[in-house]
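Nothing fancy with the numbering, it's 1 onward along the sequence.
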Amino acid sequence: SDSKYYETDCANTEALFRIIQSIPSKKAEPFKLWLAKTGYERIQEIEDPELAQTRMKELYRQKGYSDVWIEKRVRGIAIRDELTDEWKNRGVGTEKEFAILTAEISKATFGMTPSEYQNFKGLKKENLRDHMGDLELIFTMLGEASTTAIAKGKDAQGFPENKDAALEGGAVAGNARKELEQRSGKKVSTSDNYLQVPEKEKRKSLPK
C-alpha cells in the first residue's frame with residue numbers, strides 16, 4: 001500500500017518510541033505523556049533504588065501474586081545480583097558466560113537448564129522465575145547463594161574455576177531438593193505456571 005517492496009514495516013521497541021515522539025498528530029499526545037511519565041519514574045528509581053523495588057512489588061500484586069511469593073521473588077533477585085557481582089569480580093565478564101554458569105546451577109539443582117525448564121512449564125518468552133512456585137524459588141536461591149559462598153571460599157578466578165563452583169553450588173541445592181522430595185513424596189519442580197492459574201485464583205491475593 002505504501003509502494004514499497006516488503007509486506008511489513010518493522011521496528012524494535014526503542015525505534016517505536018522514537019517514532020511516537022516524532023508524530024506531530026494530537027492523537028499521539030497521550031502516548032508522549034506516558035513516555036515522559038515513564039522516563040521520569042525511571043530517573044526517580046535511579047536516584048532511589050528502593051522506590052524501584054516498591055513499584056516492582058506493586059506490579060506483581062496487580063498481576064495477582066501473593067505478598068509471600070513476592071517477598072521470595074525480591075529476595076531471589078538480591079541473591080542473583082550478589083552472585084553476578086561476584087562473577088564479575090572473579091573474571092567472568094560476558095553474558096554468554098553468565099548464561100552457561102546459570103545453566104550449570106539450574107541443571108545441578110533441578111536436572112534441567114533454564115531453557116528446558118521453560119519448555120517443561122510451557123513457557124515461551126516469559127520470565128521463568130515469575131512462573132515458579134515457592135519451593136522452586138527457594139531452591140533456586142539456595143543454588144545461587146551456595147555458588148556465591150563456594151566461589152568466595154575457594155577464591156575461584158576465571159571462568160573454569162567459577163564453573164566448578166557453579167556445579168558444586170547447584171549440587172548443594174540439588175541434593176537438598178532430592179531429600180525433600182524423598183521425605184515429602186512430592187516433586188519440587190512442577191509444570192504449573194502463573195499463566196495456567198485461573199483468573200479467580202489470581203484475584204484472591206489482590207488487595208481490596
Side-chain angles (χ1 to χ4, degrees), residues 49 52-53 56-57 60 63 65-197:
Q53 190 175 101
M56 178 185 65
K57 289 181 179 180
Y60 277 124
K63 290 180 179 180
Y65 291 97
S66 70
D67 285 343
V68 173
W69 184 94
I70 292 170
E71 289 304 320
K72 290 186 182 70
R73 184 72 177 94
V74 170
R75 181 59 185 151
I77 291 171
I79 288 173
R80 173 67 183 179
D81 287 344
E82 184 180 356
L83 174 60
T84 55
D85 286 344
E86 199 66 36
W87 281 341
K88 290 174 186 175
N89 293 334
R90 296 181 177 281
V92 180
T94 69
E95 290 298 323
K96 183 177 180 180
E97 289 176 332
F98 279 17
I100 292 171
L101 296 181
T102 301
E104 294 291 355
I105 297 170
S106 177
K107 194 166 184 177
T109 301
F110 298 107
M112 293 178 279
T113 66
S115 59
E116 290 169 341
Y117 216 142
Q118 281 189 309
N119 291 334
F120 174 64
K121 285 184 173 290
L123 304 173
K124 294 180 181 179
K125 294 183 178 180
E126 297 87 2
N127 187 301
L128 173 61
R129 299 186 194 206
D130 282 355
H131 295 272
M132 286 183 166
D134 284 358
L135 285 175
E136 290 171 303
L137 286 175
I138 288 169
F139 282 105
T140 297
M141 286 189 277
L142 177 58
E144 295 189 336
S146 298
T147 299
T148 301
I150 292 168
K152 287 180 178 178
K154 294 190 173 183
D155 193 23
Q157 299 296 329
F159 179 76
E161 290 185 12
N162 277 283
K163 184 177 180 182
D164 290 340
L167 288 168
E168 291 184 38
V172 170
N175 290 334
R177 172 186 61 82
K178 290 171 186 174
E179 183 172 354
L180 175 61
E181 289 176 340
Q182 183 179 10
R183 291 177 180 273
S184 68
K186 293 182 179 180
K187 292 289 186 181
V188 169
S189 299
T190 73
S191 59
D192 295 340
N193 65 65
Y194 176 73
L195 295 176
Q196 296 172 336
V197 177

Subject >> Lys96: side chain to side chain contact (heavy atoms under 4.5 Å, CB included) partners, not counting sequence neighbours >> reply: Thr94, Ile100
**OP:** For Glu95, enumerate each residue passing the salt bridge (charged side-chain N to carboxylate O under 4.0 Å, His left out) test, keeping only those at least two apart in sequence or located in another chain.
**Re:** none
**OP:** Please report the C-alpha distance between Leu142 and Ile138 in whole Å, then the side-chain angles of each, then the deciding distance to 0.1 Å, and finally whether the side-chain contact (heavy atoms from CB on, under 4.5 Å) criterion is met.
**Re:** CA-CA 6 Å; Leu142 177 58; Ile138 288 169; 5.5 Å; no
**OP:** Kindly write out the residues that satisfy ring pair (Phe, Tyr, Trp, His ring centres under 6.0 Å) with Phe139, not counting sequence neighbours, or none if the list is empty.
**Re:** none
Original post:
Which residues satisfy the side chain to side chain contact (heavy atoms under 4.5 Å, CB included) test with Glu71, sequence neighbours excluded?
Top reply: Lys57
Original post:
Can you pull the ring pair (Phe, Tyr, Trp, His ring centres under 6.0 Å) pairs that have at least one residue in residues 142-188, sequence neighbours excluded?
Top reply: none
**OP:** Dump the intermediate steps for side-chain contact (heavy atoms from CB on, under 4.5 Å) on Leu83 and Leu101, then the final yes or no.
**Re:** CA-CA 11 Å; Leu83 174 60; Leu101 296 181; over 6 Å; no
Original post:
If you measure from CD on Glu104 to OG1 on Thr109, what distance do you get to the nearest 0.5 Å?
Top reply: 11.0 Å
**OP:** For residues Gln157 and Asn162, report the shortest heavy-atom separation together with the two atoms involved.
**Re:** C-ND2, 4.0 Å
Original post:
Measuring from Ile150:CD1 to Asp155:CG, what's the distance to the nearest 0.5 Å?
Top reply: 14.0 Å
Original post:
Counting only N and O atoms by type, is there a donor-acceptor contact under 3.5 Å from the side chain of Thr113 to the main-chain atoms of Lys107?
Top reply: no
Would you give me the side-chain donor-acceptor pairs under 3.5 Å for residues 163-175, sequence neighbours excluded?
residue	atom	partner	partner atom	Å
Glu168	OE1	Lys154	NZ	3.0
Glu168	OE2	Lys154	NZ	2.6
Asn175	ND2	Ala171	O	3.2

Subject >> Partners passing side chain to side chain contact (heavy atoms under 4.5 Å, CB included) against Ala145 (at least two apart in sequence or in another chain) >> reply: Ile79
Subject >> Partner set under side chain to side chain contact (heavy atoms under 4.5 Å, CB included) for Lys152, not counting sequence neighbours >> reply: Glu82, Glu86, Arg90, Thr148
Original post:
Applying side chain to side chain donor-acceptor pair (under 3.5 Å), which residue pairs with at least one partner in residues 137-147 are found, sequence neighbours left out?
Top reply: Arg80-Glu144, Arg129-Glu144
**OP:** Mind jotting down which residue pairs meet the salt bridge (Lys or Arg N to Asp or Glu O under 4.0 Å) criterion with at least one end in residues 133-142? Sequence neighbours excluded, please.
**Re:** Lys72-Asp134, Lys121-Glu136
**OP:** Decide side-chain contact (heavy atoms from CB on, under 4.5 Å) for Asn193 and Glu126; before the verdict, give the C-alpha distance in whole Å, the side-chain angles of both, and the deciding distance to 0.1 Å.
**Re:** CA-CA 10 Å; Asn193 65 65; Glu126 297 87 2; over 6 Å; no
Original post:
What pairs meet the ring pair (Phe, Tyr, Trp, His ring centres under 6.0 Å) rule with one or both residues in residues 89-114, with sequence neighbours excluded?
Top reply: Trp87-Phe98, Phe110-Tyr117
Subject >> Listed partners of Asp130 passing salt bridge (charged side-chain N to carboxylate O under 4.0 Å, His left out), at least two apart >> reply: Arg73
Subject >> Distance-minimising heavy-atom pair for Pro114 and Leu128 >> reply: O-CD2, 3.8 Å
